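Predicted model only: the values in this text are computed from it and were never measured.
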Amino acid sequence: MILIIFHILENINNGNIKNNMKVHTINKTIVIQNNILPFKGFSAMNLFGIIFTRNISLLNGYVLNHESIHTKQILECGIVFFYILYLLE
């Protein structure tokens with residue numbers, strides 16, 4: 001999964017954004033709309049402070065607030081420790 005994220009971010013940096021992927025900025029947060037992440041059944045997924053969604057219209061205030069809380073937790077705990085705790089939970 002981490003390789004997918006790095007691949008997406010590399011394409012953004014190189015300007016090679018595919019037709020099925022769009023990058024948005026909402027409240028100073030990078031939101032990437034694509035066909036890969038999040039997994040089906042989820043409206044959004046926060047990885048390393050970047051929000052991934054399949055459908056941008058699903059990102060209402062509640063979901064954005066929820067994901068921004070995860071971003072704050074990542075910053076407070078550190079990336080590695082946060083994901084260890086998240087997986088143990």
Query raised in the report: Run the side-chain contact (heavy atoms from CB on, under 4.5 Å) check on Leu47 and Leu37 step by step: do they pass?
Result: CA-CA 10 Å; Leu47 295 171; Leu37 295 173; 3.9 Å; yes
Kindly list each side-chain donor-acceptor pair under 3.5 angstrom involving residues 48-60, sequence neighbours excluded, with atom names and distances?
residue	atom	partner	partner atom	Å
Thr53	OG1	Ser43	O	2.8
Thr53	OG1	Asn55	N	3.3
Thr53	OG1	Asn55	O	3.1
Arg54	NE	Pro38	O	2.7
Arg54	NH1	Asn35	O	3.0
Arg54	NH2	Ile36	O	3.2
Arg54	NH2	Pro38	O	3.3
Asn55	OD1	Ser57	N	3.1
Asn55	OD1	Ser57	OG	2.7
Asn55	ND2	Ser57	OG	3.3
Asn60	OD1	Tyr62	N	3.1
Asn60	OD1	Val63	N	2.9

Expected list for residues 70-80: side-chain donor-acceptor pairs under 3.5 angstrom, two or more places apart:
residue	atom	partner	partner atom	Å
His70	ND1	Gln73	OE1	3.1
His70	NE2	His66	NE2	3.1
Thr71	OG1	Asn46	ND2	2.7
Thr71	OG1	Glu67	O	3.3

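- Leu85 belongs to a hydrophobic cluster whose remaining members, ordered by chain and number, are Phe81; membership requires side-chain heavy atoms of ILVMFWY residues under 4.5 Å apart, directly or through intermediates.
- Interatomic distance, Ile32 CD1 to His24 NE2, rounded to the nearest 0.5 Å: 10.0 Å.
- Applying the side chain to side chain contact (heavy atoms under 4.5 Å, CB included) rule to Asn27 yields no partners; only residues at least two apart in sequence or on another chain are considered.
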Requested in this report: Run the numbers on Leu88 and Tyr83 for side-chain contact (heavy atoms from CB on, under 4.5 Å), then give the verdict.
Outcome: CA-CA 8 Å; Leu88 290 175; Tyr83 285 107; over 6 Å; no
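- Side-chain contact between Ile26 and Leu64: present, with at least one pair of heavy atoms (C-beta onward) separated by less than 4.5 Å.
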